[in-house]
Amino acid sequence: MPEGHTLYRLATALTGSFGGRRVRVGSPQGRFADSAALLDRSLLRGAEAAGKHLFIQFSAGRWLHVHLGLYGTFEVVAGPAPAPRGAVRLRLSTASSYADLRGPTACELQTGAQREAVLSRLGPDPLRPDVDPELAWRRISSSSRPVAGLLMDQNVIAGVGNVYRAELLFRHRIAPHRQGRDLSRSEWEAMWMDLVALMHDGVRTGRVDTVRDAHLPAVMGRQPRVDDHGGEVYVYRRAGQPCHVCAEALATELLDGRNLFWCPRCQSDGRSSAAGRPRPG
DNA sequence: GGAAGATGACAAG
DNA sequence: TTGTCCTCTTCCC
């Protein structure tokens, strides 16, 4: 679940259910018990997302920093809280709703200064209107690292995960191993605009859908994708299956310890594909 | 019943 | 680059 759009939805849901209220804070699993006791019955001001980070502001200048990591979940549910199921690190609750956090990489109390330190390390976040994408371009255009690695680097762009990076590269026909400094300015600008639009779609729908209308299941007469991730995608976790555009078998490889997926024909840097150049949007 | 794997990030060497 | 952490689901025996 957790790429940037997930955290923005979460921040909105948490603020909606708990913002401006005094909340019960507990750690049924126990690992956050001491800090939870400090926060219990205090005023929750609101929650905000930055990249894949979530910050929940409480009274007295306290911030709760949450990072979901690979498989963390944070469920916000209407209704009275039931007995905890599984390893619930953190539970927020009022009489009318509750939220359970499981498996996070980070769940810690922070001061405002510590929060600022986290924020200062993040590259521009496509979901925030006030960011300067030029900062990301400077880092990409001066780097010899593969574009696929740069897109996942939170210091370069904040909030992009394995799904968005694979799909963005496909949509722009960029070979994942091309060096950052070999990306053209116009390619970058198109990718950034597309990423902003894709991630806003993700915030709206709660899914990552990257397939253009012409390649949707109904249009192509193929089965819709069914898995835990839910969205219609071109290449993510489709290794060995035919490309929706050119039918070539999709490739996979471990890059920087993460699974990378791409189409060797559509993303071959220069050679033309059977279906022509995909356009953003 | 157990292993493998997953949309992530960090420290150590 | 490798190891480590966090939890749950899926798959295989």
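Below, all heavy atoms of this structure are taken into account, side chains as well, without hydrogens, waters or symmetry copies. We name chains A, B, ... by the order of the sequence lines, and we start the count at 1 in each one.
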- Task: Check whether any side-chain nitrogen or oxygen of Asn162(A) sits under 4.0 Å from OP1 or OP2 of dA6(B), and answer yes or no.
- Result: no
- Query: Mind checking whether Phe261(A) and Tyr236(A) have parallel, tilted or perpendicular rings, split at 30° and 60°?
  - Reply: perpendicular
- Nearest whole angstrom, please: distance from the P of dG8(B) to the CG of Leu151(A). 12 Å
- Query: Sub-3.5 Å donor-acceptor pair from the side chain of Gln223(A) to the main-chain atoms of Pro217(A), do we have one?
  - Reply: no
Pairwise N/O distances under 3.5 Å, protein to nucleotides 9-13 of chain B:
| residue | atom | partner | partner atom | Å |
| --- | --- | --- | --- | --- |
| dA9(B) | OP1 | His67(A) | NE2 | 3.4 |
| dA9(B) | OP2 | Lys52(A) | NZ | 3.3 |

- Task: Could you state the atom-to-atom distance from CG of Leu260(A) to C1' of dA6(B) in whole Å?
- Result: 16 Å
Give the table of side-chain donor-acceptor pairs shorter than 3.5 Å for residues 154-161 of chain A, with sequence neighbours excluded, one pair per line with atom names and distance.
| residue | atom | partner | partner atom | Å |
| --- | --- | --- | --- | --- |
| Gln154(A) | OE1 | Gly159(A) | N | 2.8 |
| Gln154(A) | NE2 | Met152(A) | O | 3.1 |
| Gln154(A) | NE2 | Val160(A) | O | 3.0 |
| Asn155(A) | ND2 | Asp153(A) | OD1 | 3.2 |

- Message: Take a 6.0 Å sphere around CE of Met193(A) and say whether it holds more than 12 heavy atoms from other residues, nucleotides or ligands.
- Response: no
- Message: Between Glu116(A) and Arg121(A) (salt bridge meaning N to carboxylate O under 4.0 Å), is one present in this structure?
- Response: no
- Task: Just jot down the ring-ring contact (aromatic ring centres under 6.0 Å, His included) partners of His200(A), sequence neighbours excluded, or say none.
- Result: none
- Is the charged tip of Arg89(A) near the ring of Phe32(A): under 6.0 Å from the six-membered ring centre and within 45° of its axis? no
- Message: Is the ring pair Trp137(A)/Trp188(A) parallel, tilted or perpendicular, if the boundaries are 30 and 60 degrees?
- Response: parallel
- What is the distance, rounded to the nearest whole Å, between atom CD of Glu108(A) and atom C1' of dC5(C)? 14 Å
- Query: Using atom C1' of each nucleotide, how far apart are dC8(C) and dC10(B) to the nearest Å?
  - Reply: 22 Å
- Query: Would you find more than 12 non-hydrogen atoms of other residues, nucleotides or ligands less than 6.0 Å from Asp132(A) atom CG?
  - Reply: yes
- Query: If you measure from the P atom in dC6(C) to the same atom in dG1(B), how many Å do you get, rounded?
  - Reply: 23 Å
- Salt bridge present between Glu75(A) and Arg102(A) (N-O < 4.0 angstrom): yes
- Query: Given atom CZ of Arg237(A) and atom C1' of dA4(B), what is their separation to the nearest angstrom?
  - Reply: 13 Å
- How far does the P atom of dT9(C) sit from the matching atom of dA9(B), given to the nearest Å? 23 Å
- Atom CD of Glu3(A) and atom C1' of dA6(B): how far apart are they, to the nearest Å? 12 Å
- Rounded to the nearest Å, what distance is computed from the CG atom of residue Leu254(A) to the P atom of nucleotide dA4(B)? 16 Å
- Item | Distance-only side-chain donor-acceptor flag, Glu253(A) / His177(A), under 3.5 Å | yes
So which protein N/O to nucleotides 1-4 of chain C N/O distances come out below 3.5 Å?
none

- Nearest-angstrom distance from the residue atom CG of Leu198(A) to P of dT7(B): 18 Å
- Message: Between dT7(B) and dT1(C), how many Å separate the two C1' atoms, rounded to a whole number?
- Response: 23 Å
- Note on the structure: Across all chains, not counting sequence neighbours, the ring-ring contact (aromatic ring centres under 6.0 Å, His included) partners of His53(A) are His65(A), His67(A)
Distances under 3.5 Å between protein N/O atoms and the N/O atoms of nucleotides 7-11 of chain C, please, pair by pair.
| residue | atom | partner | partner atom | Å |
| --- | --- | --- | --- | --- |
| dT7(C) | OP1 | Gln29(A) | NE2 | 2.3 |
| dC8(C) | OP1 | Ala87(A) | N | 3.4 |
| dC8(C) | OP1 | Arg102(A) | NE | 3.2 |

- Message: Just the rounded figure in Å: distance from C1' of dT7(B) to CZ of Phe74(A).
- Response: 18 Å
